[in-house]
Structures are given as structure tokens and as C-alpha cells.
Amino acid sequence: MTVNHFVILSALLFGIGALGVLVRRNPLIMFMGIELMLNAVNLAFVAFSRFLQSLDGQVFVFLVLTVAAAEVAVGLAIIVALFRTRATVDVDEVSGLKG
Amino acid sequence: MDLIVFYLFATLAVIAALGVVALRNPVHAALCLAVVFISLAALYVLLSAPFVAAAQVMIYAGAILILFVFVIMLLSPGVDQGAGALKWQRPLAAVFGLALAVELILVLASAVLPAARGQYTPERLAQIGDVQAIGALLFTDFLLPFEITSLLLLVAMVGVIVLAKKRVRS
């Protein structure tokens, strides 16, 4: 069990998360993709923290957790506001700023 | 033994992550996301980081996932209806996502980590306690980021209330 195992798993999860953000048109699922990417980064942080025998990575994970919580709360509030005004949750339909 | 546990939870996490991306029903995707979060918590335990594992279960699998399910129930967006206006968007996105994953894996697999030089060996952590060590770091070296975090949470709270409340027209 080396650091490479964890870092490669982290890269895989990050790729899958990015794929989710690109492929799906439901903003809820796109947010889940962003959560997957944040989790992948957290895994890399903890793995490096463990194998470098330093705790800085774990403190960073703590900060990423709070940012993720704030981001999800605001993002979901935006989705709720969007659903109220447009009665749809499809990112392709929200093109009011398109030229 | 460690390697078996790693591969078990790693495959579980990857399969569930693919489920998040592929399943059409948002509720199923949210449940797959819960599996990802909990298998990552198990991997954190394997990495001897019990505090992060507990925070992962409480904040991600608890708070964030409940928020997702709550909004899904509130909006009931229904099942995703396949490709939209741009037919070529999905295959192109799949190619780019795969390219990103392959690129990251190629770079990271060849990377060499410098030798461990920190002071927090697993033995020392077991002696002073994981949570105590992280707490001491948070209130000494990382005091400013920690305080800024509280400001961020306050801003998020105010922002959510402003965004989600009903407009009162005067």
C-alpha cells in the first residue's frame, strides 16, 4: 500500500466527477460531480499527509469540508430560486445571458 | 490485509461514482454518492486519519447528502431525458473526461514522493491523539484560515437566506 495507490484512485474519482459535470444537464447531478471532485482532492490530501507524516493535509481537508458545505448550500439555494422563476431544472434552458 | 481493504473500498467508490454520473434518477445518484462518501471514510480510517473519517461521515454523508435529497424531494425534477440540444456534447464530454483521468493517472503514477520528514508518525499520533494534534495545529499555525472559515460560513448562511426567501413586493 503506497501513496500511488491512493493518488491514482483520487485521479480516477476526479476524472469521473469532471465527466459528470460535463455530461449531465441536471444541475443537481452536476453539483454531485463537483462533490466527487472535491472528495477526490480530499483523498489525495489525506494520503500525502499520511505518507509525508505531516498533519497539514488533514487541516486542509477540514477547510475543504467547510468550503464544500458552504458551496452546496448556496448552490442548492440558487437551484431552488431557478426552479421558482423558470419552473425547470435543465441547464440548457437557462440561456438568458447567451448573445 | 491493508491492500485487500484498500481494493475493496476503492472498487466500491469507483463503481458508485460511475453510478452517480450514469444513473438517470437523481435519487439513485444521491444514494450512490452516499456509498462513495462512506467508502472514502473507510479509506481515511485505513490512512490512520480517524478525525477526517468522522468528519467525512458527519458533514458529507450527513449534512451535504441530506441537503441534496431534500432539494431533490422539493423540486422532484424527474428522470433525465437523454441528450439535449447538442447531440455531440455527450460523446465529446466522455472523451474529455476520460482524457483527464488518463492524463492525471499517467502523471501521478510516475511521480516520486520525497521521503517522509514530518514529525507526526503514526506512533506519535497514537500517543498524543489525532484530534488533539489537529486541534493544536488549527489554533496555532492555521488560526487565520480557521477564522476566515467562520466568516465564509456566515456569508453562506446569509446568502442562502437571501436567495431562498420569497420576494416581498412593496
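Quick note on labels: first sequence line is chain A, next is B, and so on, each numbered from 1. Not measured: the values here are computed from a predicted model.
Residue A63(B) does not touch chain A at all, counting heavy-atom pairs closer than 4.5 Å. For a residue to count as touching a neighbouring chain, one of its non-hydrogen atoms must lie under 4.5 Å from one of that chain's; by this rule I16(A) touches chain B with backbone and side chain alike. Heavy atoms of A18(A) lying under 4.5 Å from chain B belong exclusively to its side chain. When heavy atoms are compared at a cutoff of 4.5 Å, F45(A) does not approach chain B at all. Proximity to chain A involves both the backbone and the side chain of L108(B), based on heavy atoms less than 4.5 angstrom apart. Heavy atoms of A30(B) lying under 4.5 Å from chain A belong to its backbone as well as its side chain. Using a 4.5 Å cut-off between heavy atoms, N4(A) touches chain B through its side chain atoms alone. For V7(A), the parts lying near chain B are the backbone and the side chain together; criterion is any non-hydrogen pair under 4.5 Å. Heavy atoms of A68(A) lying under 4.5 Å from chain B belong to its backbone as well as its side chain. In this structure, the portions of L52(A) lying under 4.5 Å from any heavy atom of chain B include both its backbone and its side chain. Of the atoms belonging to L67(B), heavy atoms from both backbone and side chain fall under 4.5 Å from chain A. Of the two parts of V67(A), the backbone and the side chain both hold a non-hydrogen atom closer than 4.5 Å to a non-hydrogen atom of chain B. Residue contact with chain B, scored on non-hydrogen atoms closer than 4.5 Å, involves the side chain of F48(A) exclusively.
Between F68(B) and E35(A) the shortest side-chain heavy-atom distance falls below 4.5 Å. Proximity of L28(A) to L76(A): side-chain heavy atoms (C-beta onward) are separated by under 4.5 Å at one or more points.
Per-residue heavy-atom pair counts under 4.5 Å with chain A were compared for L100(B), L74(B), L33(B), and the maximum is reached by L33(B). Comparing Y7(B), F96(B), Y60(B) by how many heavy-atom pairs each has under 4.5 Å with chain A, the most go to Y60(B). Note: N39(A) leads L38(A), L13(A), L9(A), N39(A) in heavy-atom pairs under 4.5 Å with chain B. Put simply, of D56(A), I78(A), V21(A), I79(A), the one with the most heavy-atom pairs under 4.5 Å next to chain B is D56(A). In terms of non-hydrogen atom pairs under 4.5 Å with chain A, the most contact-rich of V155(B), I161(B), V36(B), L152(B) is L152(B). Of the listed residues (V102(B), I148(B), T149(B)), the greatest number of heavy-atom pairs within a distance under 4.5 Å of chain A belongs to T149(B). By number of non-hydrogen pairs under 4.5 angstrom with chain A, the leading residue of V162(B), V107(B), I105(B) is I105(B). When each of V20(B), L47(B), L65(B) is scored by its heavy-atom pairs under 4.5 Å with chain A, the top score falls to L47(B).
Taking every heavy atom of both residues into account, I72(B) and P26(B) meet most closely at CD1-O, 3.6 Å. Closest approach of G97(B) and L19(A) over heavy atoms only: CA-CD1, 4.2 Å. Closest heavy-atom contact between V45(B) and A53(B): CG2-CB, 3.6 Å. What you find for V57(B) and A41(B) is that their closest heavy atoms are CG2-CB, 3.7 Å. Of all heavy-atom pairs spanning R84(A) and A164(B), the tightest one is NH1-O, 3.0 Å. The heavy-atom pair separating A49(B) from V46(A) by the smallest distance is CB-CG1, 3.8 Å.
Side chain of R24(A) to main chain of V21(B): a donor-acceptor pair is present (N/O by atom type, distance under 3.5 Å, no hydrogens or angles). A donor-acceptor contact shorter than 3.5 Å is absent between the side chain of H28(B) and the backbone of N25(B).
From T2(A), atom OG1 reaches atom CZ of F6(B) across 8.0 Å, with rounding to the nearest 0.5 Å.
Using a 4.5 Å heavy-atom cut-off against chain A, the contacting residues of residues 9-16 of chain B are A10(B), A13(B), V14(B).
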**OP:** Under the ring-ring contact (aromatic ring centres under 6.0 Å, His included) rule, what do F51(B) and Y44(B) come out as? Steps first, then yes or no, please.
**Re:** CA-CA 9 Å; F51(B) 170 73; Y44(B) 293 154; over 10 Å; no
Original post:
What do the steps show when you test Q56(B) against N42(A) for side chain to side chain donor-acceptor pair (under 3.5 Å), and what is the final call?
Top reply: CA-CA 10 Å; Q56(B) 169 89 4; N42(A) 278 351; 4.8 Å; no
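By the 6.0 Å contact criterion, CD on Q127(B) is open, its count of non-hydrogen atoms from other residues, nucleotides or ligands being 12 or less.
For F142(B) and F62(A), the gap between ring centers reaches or exceeds 6.0 Å.
Put simply, the residue from L43(A), V61(A), V59(A) that forms a side-chain contact (heavy atoms from CB on, under 4.5 Å) with V52(B) is V61(A).
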